[in-house]
Structures are given as structure tokens and as C-alpha cells.
2 protein chains.
Amino acid sequence: MANVAKYDRADVITRAMMLFWEKGFNGTSTRDLQHAVDMRPGSIYSAFGSKEGLFKEALRCYSSAMSALLQEKIQQQGTPLSGLQEFIHCVVIDNRKSAPSEMCMLVKTVAEITDSNPALLRESQALLKKAELGFARLLEQAQAQGELPASADPKALAKYMQVQMIGLRTYLRTSNDEPAVEKLIEDTFQMLKAA
Amino acid sequence: MANVAKYDRADVITRAMMLFWEKGFNGTSTRDLQHAVDMRPGSIYSAFGSKEGLFKEALRCYSSAMSALLQEKIQQQGTPLSGLQEFIHCVVIDNRKSAPSEMCMLVKTVAEITDSNPALLRESQALLKKAELGFARLLEQAQAQGELPASADPKALAKYMQVQMIGLRTYLRTSNDEPAVEKLIEDTFQMLKAA
DNA sequence: TTTTAACTTGAACAACTGCTCAAAATCAAC
DNA sequence: GTTGATTTTGAGCAGTTGTTCAAGTTAAAA
């Protein structure tokens, strides 16, 4: 054998994710990345193949960080639905200014990337689909526990939740109207429980 | 006096708008633009000052085209609320594949541009705010005509409509699930009329 | 201690970026 | 037809882009 890598791969991906999340794929130059992860071009390219390869890893990193946050909130709150509500409030309101961008990184990517880069587009779409499936499973559990009425359709409600999350986060970015968005989050869950 | 401009300014802005709408601000190079509008760099820069200047005009062009489409649909349908519903269906579903992007150009811009370019960010935010005010005025009319219950709050519903439009258009881009989105549009208006 | 495979480095490349400007072309006014 | 303000042209600039690769460094194995 021989020399061993000096960098922490997960840490490098996290740092790259933060930059990409803030500036987008086109807005982030490889020089920016080199500085952010403190690696020279040769090392980055031997580890990730291309800017696109690193971006793909960053998308997955973002996705699993969000997923972990959701699980954390469910545990804290004790029930699936209140955990989901706390998660959404946390992502949309609490982390608004501390996160690299107030918008969802997957949505930003789907908005920025054209069909001329199918690899990145499909990766983002697949991760968003995965998130929707996670919501659906969660809503099923809520239903089983009586947190949602038996008449509710978890799959349809999961789609609805995705639309609301995407819409609310983006609307907040455009309007800066935090109280209104906070109220709309509450309305959404009111609606959910009455479905 | 002397020579007179050979290009049609409105036409040039429209062509630039189509390109910017498709590829975004960072994704569109000035060479792309030169080709799309069939003008040489000198002419473009003397007419618009900078890439940013042309983009700003493109944003306004997009905004007023959307506004005109809404008015058209209201006239066709006869009432404000049914006109609004037809407008949303048209923008989200019917024009999905024929438009340069299935997403809203203002939303794409707000997602792409960071706070390091305040001019473009504020322009998009202002145009989205203007659209919301237009929705609010429309909903007031609908209320006056009895299309909406007297208990409805037009300003709050206008915010809600913005969130739904943004969410639905973006969700369709990520999921490709046209039937689901079509149903969600109907649900939204059902909800509106019951507000 | 030597070997050797893996990793790191950073100069360099060709292509592309937004933009400028001197020269040429244009056309209303005289 | 000449004038002269205005517009068009496109070569080109200085900086940035994503990426490569030969040379140097490292440390486990022999």
C-alpha cells in the first residue's frame, strides 16, 4: 500500500454542500470550492471526478441532513405529525438566516439546471421524490396513531405537503413576510388534520 | 440628426427574456444573447448598459406578459375568479412544455441570485409583490360580485394563491405528476370558495 | 532502509466570460 | 451631394472557467 488521504471526505462534502447550496451550481467556481474545502484541484478531481460529481455528493449530503433533522424533531416531539410540523417550522422559519440559503437546495437545483444536464436534474428529482415518500410513510404512521383521521389519504397529503413546503419557503424568500408564512404553516396543519 | 436604430427594442427584450427564462442569469452568456437577439456586443451594451441591465428589462417583460395573459383569461371567462383559475391552469399545465421553462422566471431568479446582487433580487421581489397585489385586487372584485364569500380575506388569500402557484409549478417540475397537480389546482379553488 | 503505490501539489491550458472601443456604415438635414 | 450626429461592427482585452498532469511528498510493506 502507500499514502493515505489526509482529508475527511464527509467534511469536504459538507463544506462543498454549504457553498453550492448558497451559490448554486453555475454560481460556484472550482476556485471557490478549492478554497472552501482547502484542497488543490488535482486532489478534488481524483476524489470526485468533476465539479458535477462533487455537486451530486453535495445534493445527497443535503438530503440526508434534512432527513436526519426530521427524525430528530419527531423524537423530540413524540408524535409523527407534531414532529413534522416542528421540522417545517424549524427549516422554514428558525434556520432561515443561519442556513446558506433560505430556499431548499434541491428546489434551487431543479430551478437552475436545464434539461441539458439530465444527471443533476434527475438526482434532485429523485431525492425530492424520496422526501415525498418519507412524508407519506410518516403520515401513514400519524393515521395509525389517530393523529390523522381515518379518511385521510397519506400519499395525496404527502404531495400536498411538498407543494406547501416548496411554496412557503420560496414565498418567504420573495416576500420576507415571516408572520404570514408562520400563519400559513399553522393553517396547513389545521387543514391536514381536517382532511 | 443621423442614423436610427435598426432593431425593435421590444422584440429584442422579448428574445432575451426567453433565453434568460430558460437558462437563468448565470447560465446565459453574452454570446448566447448576441446570437438570440442578432446584435453585436457594442449595440447591446449601448442599448442596455450591461448584461444585468438587459436582464432587468427581461424580468419586466416577463411580468407584463403574465399580467396580460391574466387579463385575457378574465375577459374570456367573464368572471375574476374563473379567469384566475383558467390563468393558473394555462400557465401551470397548458404552457408547460411550450414555455422556455415550466417554472416562473421571477421565482427562478429569486432562487438563483444571491444577496450579492441586490438590484436583480429586489427587482424580482418587487414584481412578485406586484403580482400578489394584482391577485388581491382581483379577489376583492370576486368578493364584490359574490364569487367569494363575504367572510373571505382577499389579501390573505392573495398570499395563499402565490404560495400555491409557486409550489405547484415547482412541484410539477420536480415530479412530472400532471394529474396530481391538476387536482391540486381544483382543490385550491374549492378551498378558496369555502374560505 | 529501500521500495512502491497512493496521494498532493500548483503551474499551465484552452476555452469562455463580460465588456470596450476605434473604425466603418448609415441616413436625416442642409 | 455633402455634412455630421448616431448606430453598427467585430477584433480584442483582461480576467475567469473547468480541468489536466508531471513532479514532488507521503507512509505502509518488504
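Letters A, B, ... mirror the listed sequences (proteins, then strands); counts begin at 1.
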What pair of heavy atoms forms the shortest contact from B:Phe189 to B:Gln85, and how long is it? CZ-CA, 3.3 Å
Near B:Arg173 CZ, under 6.0 Å, is it more than 12 heavy atoms from other residues, nucleotides or ligands? yes
B:Arg9 vs B:Phe48, side chain to side chain contact (heavy atoms under 4.5 Å, CB included): CA-CA, chis, key distance, verdict: CA-CA 10 Å; B:Arg9 189 164 225 264; B:Phe48 300 103; 3.4 Å; yes
Counting only non-hydrogen atoms, which of residues 112-121 of chain B are less than 4.0 Å from DNA chain C? none
Any donor-acceptor pair under 3.5 Å between the side chain of A:Arg31 and the base of D:dT16? no
Please check: side-chain N/O of B:Lys51 versus main-chain N/O of B:Phe25, any donor-acceptor pairing under 3.5 Å? yes
List the atom of A:Cys90, the atom of A:Leu69, and the distance in Å for their closest heavy-atom pair. SG-CD2, 4.2 Å
Residues of residues 19-30 of chain A with a heavy atom under 4.0 Å from any atom of DNA chain D, listed by number, are A:Thr28, A:Ser29, A:Thr30
Do the charged groups of A:Asp8 and A:Lys6 touch, with an N to O distance under 4.0 Å? no
Evaluate side chain to side chain donor-acceptor pair (under 3.5 Å) for A:Glu57 paired with A:Tyr62, printing each intermediate quantity in order. CA-CA 9 Å; A:Glu57 296 265 38; A:Tyr62 172 85; over 6 Å; no
Using a strict cut-off of less than 4.0 Å between a Lys/Arg side-chain nitrogen and an Asp/Glu carboxylate oxygen, indicate whether A:Lys108 and B:Glu112 qualify as a salt bridge. no
A:Asn176 and A:Arg96: CA distance, side-chain angles, deciding distance, side chain to side chain donor-acceptor pair (under 3.5 Å) verdict: CA-CA 10 Å; A:Asn176 253 307; A:Arg96 179 150 108 92; 3.0 Å; yes
same_hphob_cluster(A:Phe20, A:Tyr7) at 4.5 Å side-chain heavy-atom cutoff: yes
B:Asn95 meets the side chain to side chain donor-acceptor pair (under 3.5 Å) criterion, sequence neighbours left out, with none
With side-chain hydrogen bond (donor to acceptor under 3.5 Å, both in side chains) as the rule and sequence neighbours excluded, what pairs involving residues 133-155 of chain B come up? B:Thr79-B:Glu147
Specify the residues of residues 6-18 of chain A, ordered by number, for which at least one heavy atom lies under 4.0 angstrom from an atom of DNA chain C. A:Lys6, A:Tyr7
Is there a residue in residues 33-55 of chain B whose heavy atoms reach under 4.0 Å of DNA chain D, and which residues are they? B:Arg40, B:Pro41, B:Gly42, B:Ser43
